[in-house]
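We're numbering straight along the sequence, starting at 1.
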Amino acid sequence: MTTLRTRLIPSHSLAVHERPRWLNVPFNGRADGRLNTGHAGVLLVERRGSYPLIDLRILKTSAQQGEVESGTRRKIKRLLSFQRYCHASRLLRGLVPHTPGSLHLLDDDYLGQAAHMLSKVGTWNFDIFLFDRLTNGNSLVTLMCHLFNVYGLIHHFQLDMVKLHRFLGMVQEDYHSQNPYHNAVHAADVTQAMYCYLKEPKLAEQLSPLDVFLGLMAAAAHDVDHPGVNQPFLIKTRHHLASLYQNTSVLESHHWRSTVGMLRESGLLSHLPADMSQDMEQQLGSLILATDISRQNEFLLTFREHLDNQDLDLQLASHRHFILQIALKCADVCNPCRVWELSRQWSERVCEEFYRQGDLERKFDLEISPLCNQQADSVPSIQIGFISYIVEPLFEEWHRFTEPSLLSQTMMGHLHKNKARWSRLRYAHTPSDTQTHSHAEEPEPEGGGGEGEDIP
């Protein structure tokens with residue numbers, strides 16, 4: 001078990017009044033503009049891999065055991081593929097693309113289907129599961145490199161390509177592949193959704209390169225090193241992270257501080273002035289902390305109030321930052337807004353992760369957390385509640401904000417259809433019935449909607 005390493009930053013170096021004037025964006029981890037920075041304003045930076053793994057071995061079936069035994073081979077295969085990707089990249093050989101949409105970051109091995117999928121990365125029916133298979137488990141790294149190239153962020157921020165690959169590789173590897181839901185594929189899916197939202201006509205023309213950089217980075221790293229259990233589990237088992245973050249936004253704080261640790265370990269921003277890189281770290285924290293589901297009403301009420309008062313001014317950096325927080329929250333919970341086949345897979349994965357936590361709690365005579373009892377909480381009932389209380393209220397306001405866009409209309413259409421399907425499946429009595437009913441549903445229309453959301 002690796003130990004937690006922290007790096008203490010003097011609290012005076014994080015003072016709001018010392019942030020660079022060229023970036024008039026508050027350090028707002030909260031919807032009211034305040035950011036929790038831990039003890040006495042000190043930023044605790046966690047090194048990658050600092051999370052003591054939750055022991056899930058008691059849950060392994062024989063099939064899962066075989067998966068564990070082959071994990072090392074898969075990791076080596078993915079690493080070799082990534083090394084080949086780094087060394088053979090035409091960009092690393094000094095060739096600069098002639099067109100903004102060039103797929104120069106992909107080796108010849110990655111061309112073909114994966115390259116074709118990247119050319120459609122702005123469509124809402126993008127299949128991240130297929131893309132992950134085509135990239136040999138490197139979906140997050142490949143997607144982020146492509147999007148950084150599309151937006152010209154590498155040139156704008158003068159990023160070192162070796163450091164960028166090192167950082168993205170760290171992030172991807174620090175997601176736990178054994179998690180059914182909170183893994184690197186989820187991070188890639190959220191990043192792809194975030195890209196779609198950044199392209200919204202209401203928002204796209206107002207965004208600065210820094211806004212785009214922070215939005216994509218926060219999406220990619222928002223759940224890094226997630227243990228596959230929730231905050232209440234960490235609190236009631238007296239996990240050290242719960243104590244470190246005083247039982248408040250425990251996981252989100254860990255995701256953020258781990259990201260900062262990887263940024264510094266990779267040296268990705270080391271060429272920037274110290275005050276600039278610290279400001280970027282703080283804004284990343286503000287975005288990642290916004291994904292805490294317990295703060296849903298806080299952000300939703302603020303968003304609704306802005307829309308009711310029609311006082312959002314996207315010329316203001318602080319207002320753009322708030323919309324980035326909302327966009328990341330939407331991307332994080334957008335699975336019910338996807339086409340049915342993708343949405344259903346994500347629903348089954350997140351419920352499997354819940355059930356594993358419930359099995360752990362039962363094993364150790366702990367109170368089983370809400371939604372984690374497989375005998376009492378069915379996938380359809382969990383999804384209906386999630387859609388009704390979390391997803392619908394948030395996306396209804398996003399729908400208002402976009403006035404509404406074609407993408408927003410597409411998402412709301414899928415959301416209503418998927419909720420209706422889960423409502424029908426709710427009455428199934430056994431897992432086999434659920435599977436039969438789910439496959440008996442009418443097929444999704446060809447393309448799944450959102451065809452107008454291609455990359456320009």
Side-chain angles (χ1 to χ4, degrees), residues 2 4-5 7 44-51 53 71 74-75 78-79 81-83 85-86 89 105 121 128 131-132 135-151 153-154 157 159-179 181-195 212-228 241 251-270 277 280-291 324 328 331-332:
T2 53
L4 174 68
R5 303 182 187 178
R7 182 175 177 182
L44 302 176
V45 179
E46 299 180 25
R47 276 182 63 90
R48 52 192 295 253
S50 63
Y51 197 93
L53 292 176
R74 288 202 310 272
K75 185 173 182 179
R78 185 163 62 246
L79 178 60
S81 176
F82 180 63
Q83 289 173 338
Y85 170 75
C86 289
S89 170
L105 286 173
V121 72
I128 198 65
F131 185 68
D132 191 64
T135 56
N136 197 27
N138 281 308
S139 57
L140 183 58
V141 172
T142 307
L143 178 62
M144 281 290 285
C145 286
H146 174 69
L147 295 181
F148 267 46
N149 180 51
V150 167
Y151 278 108
L153 298 177
I154 298 169
F157 291 103
L159 300 178
D160 183 288
M161 281 302 303
V162 173
K163 293 179 179 180
L164 176 61
H165 280 285
R166 182 185 303 145
F167 170 76
L168 294 175
M170 289 177 182
V171 172
Q172 182 172 269
E173 286 300 321
D174 275 6
Y175 278 96
H176 300 181
S177 60
Q178 68 267 31
N179 291 344
Y181 183 83
H182 289 105
N183 51 44
V185 183
H186 165 66
D189 185 63
V190 172
T191 302
Q192 189 270 337
M194 188 67 165
Y195 172 59
V212 175
F213 175 86
L214 292 172
L216 294 177
M217 290 280 280
H222 79 284
D223 273 332
V224 71
D225 205 23
H226 196 292
L241 286 178
L251 286 171
E252 292 74 24
S253 297
H254 177 63
H255 304 323
W256 167 37
R257 272 89 186 247
S258 296
T259 302
V260 171
M262 287 183 282
L263 279 171
R264 296 183 181 181
E265 183 175 339
S266 66
L268 181 62
L269 305 179
S270 61
S277 61
M280 295 168 80
E281 292 172 358
Q282 290 287 325
Q283 291 191 68
L284 279 174
S286 173
L287 293 172
I288 293 174
L289 289 174
T291 62
L324 285 178
L328 182 57
D332 194 26

Would a distance-only check, ignoring hydrogens and angles, find a side-chain to backbone donor-acceptor pair under 3.5 Å from Asp332 to Leu328?
no
Show your working on ring-ring contact (aromatic ring centres under 6.0 Å, His included) between Tyr151 and Phe213 and close with a plain yes or no.
CA-CA 9 Å; Tyr151 278 108; Phe213 175 86; over 10 Å; no
Sorted by chain and number, sequence neighbours left out, ring-ring contact (aromatic ring centres under 6.0 Å, His included) with His186 holds for Tyr181, His182, His222
Between Val150 and Tyr195, does a side chain to side chain contact (heavy atoms under 4.5 Å, CB included) hold up when you go through it step by step?
CA-CA 11 Å; Val150 167; Tyr195 172 59; 4.0 Å; yes
Please report the shortest heavy-atom distance between Thr259 and Ala221, naming the atom on each side.
OG1-CB, 3.3 Å
Can you name the nearest heavy-atom pair linking Gly267 to Ser270, along with the distance?
O-OG, 2.8 Å
Under a 4.0 Å N-O cut-off, is there an ion pair linking Arg166 with Glu265?
no
Quick one: SG on Cys145 to NE2 on His165, what's the gap to the nearest 0.5 Å?
4.0 Å
Judged by modelled atom types alone, do His254 and Asp225 share a side-chain donor-acceptor pair under 3.5 Å?
yes
Where is the tightest heavy-atom contact between Leu214 and Gln283, given as atom of each residue plus distance?
CD1-OE1, 3.4 Å
Minimum heavy-atom separation for Met194 and Ala219, please, with both atom names.
CB-CB, 4.0 Å
Write down the atom of Ala184, the atom of Ser139, and the distance for their closest heavy-atom approach.
O-OG, 4.5 Å
Are the side chain of Glu252 and the backbone of Ile288 linked by a donor-acceptor contact shorter than 3.5 Å?
no
For the residue pair Arg264 and Ser277, establish whether any side-chain heavy-atom pair is separated by less than 4.5 Å.
no
Rounded at 0.5 Å granularity, tell me how far NZ in Lys163 sits from CG in Leu263.
12.0 Å
Start with the C-alpha distance between Met144 and Thr191, add both sets of side-chain angles, then the distance that settles side chain to side chain contact (heavy atoms under 4.5 Å, CB included), and finish with yes or no.
CA-CA 8 Å; Met144 281 290 285; Thr191 302; 3.7 Å; yes
So the salt bridge (Lys or Arg N to Asp or Glu O under 4.0 Å) pairs with at least one residue in residues 182-192 (sequence neighbours excluded) are Asp189-Arg338
Within the 4.5 Å heavy-atom criterion, are Phe167 and Met217 side-chain neighbours or not?
yes
Student check: side-chain heavy atoms of Leu168 and Phe148 closer than 4.5 Å:
no
Would you name the heavy atoms of Leu284 and Ala218 that are closest together and state the gap between them?
CD2-N, 3.7 Å
With a 3.5 Å distance limit and no angle check, can you tell me whether Thr135 reaches the backbone of Asp132 through a side-chain donor-acceptor pair?
yes
ring-ring contact (aromatic ring centres under 6.0 Å, His included) against Tyr175, all qualifying residues, sequence neighbours excluded
none
Is there side-chain contact between Ile154 and Asp160, with at least one heavy-atom pair below 4.5 Å?
no
Could I get the full list of ring-ring contact (aromatic ring centres under 6.0 Å, His included) partners for His255, not counting sequence neighbours?
His226
With sequence neighbours excluded, residues passing side-chain hydrogen bond (donor to acceptor under 3.5 Å, both in side chains) with Thr291:
none
Within-4.5 Å side-chain heavy-atom neighbours: Met262 and Asp174:
yes
Heavy-atom side-chain contact between Ser258 and Val224 under 4.5 Å:
yes
Can you tell if the side chain of Val212 reaches within under 4.5 Å of the side chain of Leu153, non-hydrogen atoms only?
yes
So, the side chain of Trp256 versus the backbone of Glu281: is there a donor-acceptor pair under 3.5 Å, distance only?
yes
What verdict does the side chain to side chain contact (heavy atoms under 4.5 Å, CB included) test give for Thr142 and Phe131, after you've listed the backbone C-alpha separation in whole Å, the side-chain angles of each residue and the deciding distance to 0.1 Å?
CA-CA 10 Å; Thr142 307; Phe131 185 68; 3.9 Å; yes
Can you tell me how far apart OG (Ser253) and CG (Leu251) are? Round to the nearest 0.5 Å.
9.0 Å
Salt bridge (Lys or Arg N to Asp or Glu O under 4.0 Å) pairs, two or more places apart, involving residues 137-146:
none
Within the side chain of Gln192, is there an N or O that forms a donor-acceptor pair under 3.5 Å with the backbone of Val121?
yes
